[in-house]
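Heads up: the structure comes next, in structure tokens.
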Amino acid sequence: QPLITTNPYSIRPLDEDFERDENGRISEAQKNKLYEGIMDFTGEAFSKLATLFCEHEKLQRATLLFILGHVATLEIRIPNYYVALEAITSYLAKTVDEKPKRLNPIKDKKLANDLVNEIKELIKKKKDDNGLPDDEMNTEILFKNINRLNSPPNADKLAKSFEIIKYPLTKEQFKIIKDRNSYLHGSFIKTSSEDDRFRDALHLSLRLHFLIGVLLLKNVGYNGKIINYAKLWSHITQKDIEEEVLVFI
């Protein structure tokens with residue numbers, strides 16, 4: 001599953017035909033359209049990518065999960081793709097983001113800390129007033145959860161990485177990012193039949209494949225078309241996708 005190609009003829013939908021001239025050959029206008037936006041992966045971009053893998057363990061690990069996911073079962077592939085997205089997001093947020101902004105629900109740190117402390121005091125009071133021992137009311141566990149009260153939602157953090165590389169997410173792409181928790185916590189797609197389950201899972205994996213590719217390639221300055229497998233394999237997933245097979249990023 002390569003991300004890019006310089007041969008647009010090799011990745012066309014099965015039922016697609018091309019505009020032809022009077023001799024039955026593919027017309028020049030059609031050729032020009034097919035090759036529009038087709039770019040080589042430059043030596044400079046490759047060098048940047050290799051350097052990032054050497055210098056940043058999270059990016060290297062994310063890419064290994066990405067590549068190994070191509071041959072894994074969908075039950076293994078999808079959660080690993082989400083882990084790869086998180087690792088790349090962590091790198092971008094800490095290393096690339098020039099104008100980091102707080103994604104926390106409460107922007108004022110002091111206000112957030114005051115609220116957390118007030119909630120902790122309320123919990124302690126309830127425990128003391130009711131004379132509850134630790135095995136009846138474990139404040140240590142409660143406090144750990146309360147300390148995370150103002151943490152930003154995972155979906156917002158993942159979406160932020162696409163904002164950093166200036167790639168606008170579609171509504172479907174953002175929903176896919178929001179669904180991350182289910183797959184990382186052991187849930188999977190539920191459908192009425194195994195065939196539907198396979199098709200939905202394959203479609204999701206192809207969408208994630210595309211998003212990871214966008215993050216990796218845009219991060220090293222690639223401007224060109226990448227393969228949209230969700231469209232290319234729509235005859236398998238049976239999804240009605242009004243998109244191009246090659247998408248310019």
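Below, all heavy atoms of this structure are taken into account, side chains as well, without hydrogens, waters or symmetry copies.
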State the [atom1]-[atom2] distance between [X] and [Y], to the nearest 0.5 angstrom.
| X | Y | atom1 | atom2 | answer |
| --- | --- | --- | --- | --- |
| Leu52 | Leu59 | CG | CG | 5.5 Å |
| His56 | Thr95 | NE2 | OG1 | 5.0 Å |
| Leu68 | His70 | CG | NE2 | 9.0 Å |
| Leu74 | Ile189 | CG | CD1 | 8.0 Å |
| Ile165 | Leu92 | CD1 | CG | 7.0 Å |
| Thr89 | Tyr82 | OG1 | OH | 12.0 Å |

[X] side chain to [Y] main-chain N or O, any donor-acceptor pair under 3.5 Å?
| X | Y | value |
| --- | --- | --- |
| Thr51 | Ser47 | yes |
| Ser90 | Ala87 | no |
| Asn117 | Asn113 | yes |

Does atom [atom1] ([X]) have a neighbourhood of more than 12 heavy atoms from anything else shown, all under 6.0 Å?
| X | atom1 | answer |
| --- | --- | --- |
| Phe46 | CZ | no |
| Glu244 | CD | no |
| Arg20 | CZ | yes |

Are the charged groups of [X] and [Y] less than 4.0 angstrom apart, N to O?
| X | Y | answer |
| --- | --- | --- |
| Lys175 | Glu172 | no |
| Arg180 | Glu86 | yes |
| Lys48 | Glu44 | yes |
| Lys33 | Glu36 | no |
| Glu243 | Arg207 | yes |
| Lys126 | Asp129 | no |

Please say yes or no: joined through hydrophobic side-chain contacts below 4.5 Å, possibly via intermediate residues, are [X] and [Y] part of one cluster?
| X | Y | value |
| --- | --- | --- |
| Phe248 | Ile11 | no |
| Leu122 | Leu115 | no |
| Tyr35 | Leu246 | yes |
| Leu64 | Leu184 | no |
| Leu132 | Ile146 | yes |

Closest contact, heavy atoms only, [X] versus [Y]:
| X | Y | value |
| --- | --- | --- |
| Ile212 | Ala84 | CD1-CB, 4.0 Å |
| Thr191 | Ser193 | OG1-O, 2.7 Å |
| Ser205 | Tyr81 | O-CE1, 3.4 Å |
| Asn228 | Phe210 | CA-CD1, 4.2 Å |
| Leu158 | Ser161 | O-OG, 2.5 Å |

Do [X] and [Y] touch side chain to side chain, with heavy atoms closer than 4.5 Å?
| X | Y | value |
| --- | --- | --- |
| Phe66 | Leu3 | yes |
| His203 | Ile241 | yes |
| Leu202 | Arg77 | yes |
| Tyr222 | Leu49 | no |
| Leu211 | Gln173 | yes |
| Asp200 | Phe188 | no |
| Lys124 | Glu121 | yes |
| Leu142 | Met137 | yes |

* With a cut-off of under 6.0 Å to the ring centre and 45° to the axis, is Lys120 in cation-pi contact with Phe143? ->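 Yes, Lys120 and Phe143 form such a contact.
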
* Partners passing side-chain hydrogen bond (donor to acceptor under 3.5 Å, both in side chains) against Ser10 (at least two apart in sequence or in another chain) ->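 Checked Ser10 against side-chain hydrogen bond (donor to acceptor under 3.5 Å, both in side chains); zero matches.
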
* Report the C-alpha distance between Ile123 and Lys127 in whole Å, list the side-chain angles of each, state the deciding distance to 0.1 Å, and finish with yes or no for side chain to side chain contact (heavy atoms under 4.5 Å, CB included). => CA-CA 6 Å; Ile123 290 172; Lys127 180 180 179 180; 5.6 Å; no

* Ile4 pairs by side chain to side chain contact (heavy atoms under 4.5 Å, CB included) with which of Asp40, Ile227, Leu217? ->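 Single side chain to side chain contact (heavy atoms under 4.5 Å, CB included) partner of Ile4 among Asp40, Ile227, Leu217: Leu217.
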
* Asked: For the side chain to side chain contact (heavy atoms under 4.5 Å, CB included) test, which of Ile78, Leu65, Ile88 pairs with Val83?
  ->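 One option only clears the test, and that one is Leu65.
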
* To do: Using distance alone, with no hydrogens and no angle criterion, decide if Ser182 and Ser187 have a side-chain donor and acceptor under 3.5 Å apart.
  =>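 No, Ser187 and Ser182 have no side-chain donor paired with an acceptor closer than 3.5 Å.
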
* Assign the ring pair Tyr229 / His209 to parallel, tilted or perpendicular, where the plane angle (0 to 90°) is split at 30° and 60°. =>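 Taking His209 first and then Tyr229, their aromatic rings stand perpendicular (interplane angle over 60°).
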
